[in-house]
Amino acid sequence: MAHIIDGKQIAAELKDRLAQDVQALETAPGLAVILVGDDPASQVYVRNKIVACEKVGIKSFESRLPARATQAEVAAEIKAFNDNPAVNGILLQLPVPDHLDSDALVQLIAPHKDVDGLTVANAGKLFLGLEGGLVPCTPQGSLILIKSVLENLSGLNAVVIGRSNLFGKPMAQLLLHENCTVTMAHSRTHDLPALCRNADILVAAAGRAKLVQGDWIKPGACVIDVGINRGEDGKLCGDVDYDAAFEKAGFITPVPGGVGPMTIACLLANTVKAYGLKRS
Ligand code: NAP
């Protein structure tokens with residue numbers, strides 16, 4: 001039976017440390033969130049982020065634009081926050097309505113304020129292993145969870161299912177920097193179960209409910225479930241068949257209460273880090 005990695009608890013500890021760091025700063029760091037349209041899930045995410053900011057002493061700035069907002073209008077909002085010295089971090093809540101080019105908009109965010117770590121400058125720094133970049137929140141949080149239970153990752157086989165810019169690619173880079181032997185799997189991968197059975201660390205981020213079966217898990221493996229899905233019973237579930245995996249794994253994250261809370265905590269951590277970054 002696996003040890004359950006308590007993401008809620010680890011995120012709470014990180015937020016406590018951040019609240020102390022913020023108190024020691026001359027002024028409050030600022031995080032700006034831009035929300036375009038009225039997608040209910042996005043509204044909940046934005047609300048949660050603002051509440052989390054308040055709790056650690058980060059000032060939040062909110063910009064809500066109607067679903068019909070043009071590319072130029074969203075771009076103007078980003079530029080205004082780029083120029084606002086009270087704003088240290090800028091987050092464009094994704095997805096944006098279909099008529100907008102989200103990739104182009106994200107690249108308008110000043111790299112030193114890009115708390116989602118999605119600009120070319122920050123992705124490049126992560127790829128090259130350079131200091132001073134901002135790393136995407138969910139993979140950063142996932143690595144903290146892995147390191148909370150595994151002291152030394154060097155030489156371990158890590159399999160990351162999913163190759164998105166938001167998660168899979170940066171997660172693989174972070175594990176590579178920890179000297180793991182990393183395999184990135186995706187929808188075209190042959191014999192995914194066999195690959196997973198060789199994984200000391202298995203990170204699932206495919207967005208497919210219960211894709212990873214219990215007999216895909218190497219006994220004692222560390223299983224990080226990033227997926228957020230609705231199961232057939234309507235309940236929230238991850239990409240891993242939790243009950244079956246729990247019997248085989250050494251360590252496992254639950255959904256909810258695993259990776260999710262770490263994403264917000266790392267967003268706050270990136271905002272505090274961005275406060276200390278100079279324009280480059
Ligand atoms: P995404 O952009 O849709 O990427 C999904 C990836 O999974 C793609 O690379 C896709 O392969 C791969 N994939 C899909 N089906 C697969 C299969 N059957 N076998 C192997 N690979 C498969 O999603 P994302 O943004 O990375 O997010 C992934 C999941 O994590 C979602 O459930 C999302 O809600 C969740 N998430 C959670 C948090 C959090 O805070 N907990 C944060 C971010 C994301 P191809 O590239 O070949 O299409």
Side-chain angles (χ1 to χ4, degrees), residues 5-12 14-15 33 39-42 44-49 51-52 91-96 98 102-103 106 115-118 123 126 134-146 158-175 182-199 202-213 216-217 223-232 235-242 245 252-270:
I5 304 174
D6 187 347
K8 239 172 146 176
Q9 175 64 27
I10 296 170
L14 175 55
K15 284 191 276 189
V33 183
D39 175 60
S42 292
V44 172
Y45 292 144
V46 167
R47 183 81 228 125
N48 289 345
K49 285 167 187 172
V51 168
L91 182 136
L92 176 63
Q93 183 65 43
L94 301 174
V96 292
D98 285 347
S102 63
D103 289 339
V106 164
V115 281
D116 259 346
L118 292 174
L126 177 60
L134 292 163
V135 175
C137 305
T138 309
Q140 188 186 148
S142 299
L143 183 66
I144 293 172
L145 294 182
I146 296 168
V159 171
V160 179
I161 308 176
R163 56 174 164 179
S164 66
N165 291 337
L166 194 69
F167 186 82
K169 285 178 193 163
M171 185 75 247
Q173 289 301 326
L174 289 173
L175 289 166
V182 183
T183 307
M184 294 180 71
H186 45 77
S187 67
R188 315 291 170 90
T189 296
H190 292 288
D191 203 353
L192 184 58
L195 264 187
C196 292
R197 283 185 197 111
N198 196 30
L202 178 58
V203 185
R208 299 279 180 272
K210 300 187 181 178
L211 169 73
V212 177
Q213 306 291 303
W216 296 19
I217 311 279
V223 178
I224 304 295
D225 192 350
V226 184
I228 303 175
N229 314 291
R230 288 266 163 219
E232 283 167 7
K235 285 189 186 155
L236 211 61
C237 71
D239 285 0
V240 177
D241 182 351
Y242 183 83
I252 191 164
T253 59
V255 177
V259 172
M262 293 304 290
T263 299
I264 290 196
C266 288
L267 173 68
L268 305 178
N270 272 354

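Values in this document were obtained by computation on a predicted structure and should not be read as measured data. Just so it is clear, the values below take in all heavy atoms, side chains as well, and ignore hydrogens, waters and symmetry mates. One-based numbering, in listed order, for ligands and for the atoms of each.
Of all non-hydrogen atoms in G117 and P136, the two that sit nearest each other are O-CG, 3.6 Å.
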Checklist entry - Going through the distances and angles, do Q93 and D39 end up as a side-chain hydrogen bond (donor to acceptor under 3.5 Å, both in side chains)? => result CA-CA 10 Å; Q93 183 65 43; D39 175 60; over 6 Å; no

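At most 12 non-hydrogen atoms from other residues, nucleotides or ligands lie less than 6.0 angstrom from NZ of K8.
Protein heavy atom at the shortest distance from atom 38 (C) of ligand 1 is T138 CG2, 3.9 Å. The shortest contact between atom 11 (O) of ligand 1 and any protein heavy atom is with S187 N, 3.2 Å. For atom 21 (N) of ligand 1, the closest non-hydrogen atom on the protein side is H186 C, 3.1 Å.
Here atom 35 (C) of ligand 1 lies nearest to V226 when heavy atoms of V226, T253, V255 are compared. Taking only non-hydrogen atoms, the option from R208, R163, M262, M184 nearest to atom 8 (C) of ligand 1 is R163. When the heavy-atom distances from atom 14 (C) of ligand 1 to C266, A206, P256 are ranked, the shortest goes to A206. For atom 18 (N) of ligand 1, the nearest non-hydrogen atom from the set I228, L211, I161 belongs to L211.
Distance check for atom 3 (O) of ligand 1: every protein heavy atom is found at 4.0 Å or beyond.
By the 3.5 Å distance cut-off applied to N or O atoms, T263 is counted among the residues near ligand 1. Residue R188 places no N or O, backbone or side chain, under 3.5 Å from any N or O of ligand 1. Between L192 and ligand 1, no N or O atom pair is found at a separation short of 3.5 Å.
Proximity of a side-chain donor or acceptor of D239 to a complementary backbone N or O of D225 within less than 3.5 Å is not detected. The closest donor-acceptor contact from the side chain of D241 to the backbone of K210 lies at 3.5 Å or more, if one exists at all.
In this structure, T189 has no heavy atom closer than 4.0 Å to ligand 1. At least one heavy atom of A205 sits under 4.0 Å from some atom of ligand 1. Under a 4.0 angstrom heavy-atom cut-off, G260 registers as being in contact with ligand 1.
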